[in-house]
Amino acid sequence: MEKRVEYGWLLDFYGALLTEHRLRVMRMYLEEDLSLQEIADAMGITRQGVHDAINHAQKQLEAYEAKLGLLSRYRRLTEAVGECRTELDRAISGEDAQALVRAREALRRIEDIER
């Protein structure tokens with residue numbers, strides 16, 4: 001299941017770079033959770049053709065992420081923003097005197113990611 005979720009994320013980021021055929025197959029496979037046979041019937045191709053399209057698309061998506069790293073960057077940014085928000089909440093509530101220092105560090109990490 002985890003791999004399917006990962007490919008779903010990759011499809012969100014790089015799906016527009018796939019051919020229309022591969023994009024459609026991957027959406028049916030990942031988003032609609034159709035079986036290979038159901039996709040084959042809907043597309044008018046063989047089950048093997050669907051299998052090949054999925055494999056090629058997965059390799060393409062992985063290659064885009066390896067070269068561009070957009071998903072990895074997004075995850076790092078999301079994590080740093082979440083940490084910053086948590087520390088700012090602690091500082092505002094007065095429960096932690098060092099929270100502002102940690103929030104500033106989280107913002108520095110965000111700046112580093114953006115460079």
Side-chain angles (χ1 to χ4, degrees):
M1 180 65 145
E2 184 178 312
K3 255 320 197 189
R4 285 178 74 100
V5 172
E6 184 71 15
Y7 284 119
W9 277 100
L10 290 172
L11 191 64
D12 287 344
F13 277 85
Y14 304 111
L17 301 174
L18 297 176
T19 64
E20 186 61 37
H21 174 77
R22 287 182 185 168
L23 177 60
R24 188 168 171 217
V25 168
M26 289 300 285
R27 283 191 173 148
M28 283 192 247
Y29 181 67
L30 295 171
E31 296 171 4
E32 298 176 34
D33 199 29
L34 297 180
S35 70
L36 299 185
Q37 189 60 56
E38 290 170 324
I39 297 169
D41 293 343
M43 301 277 301
I45 59 176
T46 65
R47 187 180 177 284
Q48 182 63 45
V50 173
H51 183 267
D52 291 345
I54 289 170
N55 282 337
H56 289 295
Q58 288 173 334
K59 286 178 181 161
Q60 245 184 311
L61 293 170
E62 290 169 356
Y64 289 137
E65 177 60 16
K67 289 181 181 175
L68 301 172
L70 296 177
L71 178 55
S72 173
R73 180 178 173 271
Y74 171 79
R75 287 179 170 156
R76 289 191 327 265
L77 281 170
T78 301
E79 181 182 338
V81 166
E83 289 173 18
C84 184
R85 192 172 282 131
T86 298
E87 297 304 335
L88 288 172
D89 288 344
R90 286 182 180 156
I92 289 169
S93 70
E95 72 181 67
D96 188 345
Q98 291 296 313
L100 284 176
V101 172
R102 289 191 301 274
R104 186 175 62 195
E105 177 60 25
L107 285 173
R108 187 198 59 72
R109 284 195 311 278
I110 292 169
E111 288 175 335
D112 289 346
I113 293 167
E114 285 299 305
R115 288 186 192 147

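Note: hydrogens, waters and symmetry copies are ignored here, and every other heavy atom, side chains too, is used.
The distance from atom CD of Gln58 to atom CZ of Arg4, rounded to the nearest 0.5 Å, is 9.0 Å. For the atom pair CG of Leu34 and CE of Met43, the computed distance is 11.0 Å after rounding to the nearest 0.5 Å. The CE atom of Met26 sits 5.5 Å away from the CG atom of Leu61 when rounded to the nearest 0.5 Å. Leu71 contributes atom CG, which lies 11.5 Å from atom CG of Leu11 (distance to the nearest 0.5 angstrom). Note that CG of Asp12 is 7.0 Å distant from CH2 of Trp9, once rounded to the nearest 0.5 Å. Taking OG of Ser72 as the start and CD1 of Ile113 as the end, the distance is 8.5 Å to the nearest 0.5 Å.
For Arg75, the CZ atom is densely surrounded, since the number of other residues' heavy atoms within 6.0 Å is greater than 12.
Across all their heavy atoms, Ala80 and Ala106 have their closest contact at O-CB, 3.7 Å. Nearest heavy-atom pair across Gly15 and Leu23 is O-CD1, 3.7 Å. Considering every non-hydrogen atom in both Ala53 and His21, the closest pair reads CB-NE2, 4.1 Å.
For Glu6 and Lys3, the salt-bridge test fails: no basic side-chain N is under 4.0 Å from an acidic carboxylate O. Look at Asp89 and Arg85 and you find no salt bridge, because none of the NZ, NE, NH1 or NH2 atoms lies under 4.0 Å from a carboxylate O.
Taking 4.5 Å as the limit, every side-chain heavy atom of Met28 sits out of range of all side-chain heavy atoms of Glu38. Contact of the Glu87 side chain with the Arg104 side chain is not registered, since no non-hydrogen atoms from C-beta on lie closer than 4.5 Å.
Cluster membership for Val101 and Ile110, using ILVMFWY side-chain heavy atoms within less than 4.5 angstrom, is not shared.
In this structure, the side chain of Gln60 does not engage the main chain of Leu18 through any donor-acceptor pair within 3.5 Å.
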Q. Between Tyr64 and Leu10, is a side chain to side chain contact (heavy atoms under 4.5 Å, CB included) present by the stated rule, with each step listed?
A. CA-CA 9 Å; Tyr64 289 137; Leu10 290 172; over 6 Å; no
Q: Evaluate the criterion side chain to side chain contact (heavy atoms under 4.5 Å, CB included) for residue pair Tyr7 and Ile54; output intermediate values, then yes/no.
A: CA-CA 10 Å; Tyr7 284 119; Ile54 289 170; over 6 Å; no
Q: Please test Glu65 against Tyr14 for side chain to side chain contact (heavy atoms under 4.5 Å, CB included), starting from the C-alpha separation and ending with a verdict.
A: CA-CA 8 Å; Glu65 177 60 16; Tyr14 304 111; 2.6 Å; yes
(Q) Apply salt bridge (charged side-chain N to carboxylate O under 4.0 Å, His left out) to residues Arg108 and Glu105 and explain how you reach the verdict. (A) CA-CA 5 Å; Arg108 187 198 59 72; Glu105 177 60 25; 2.5 Å; yes
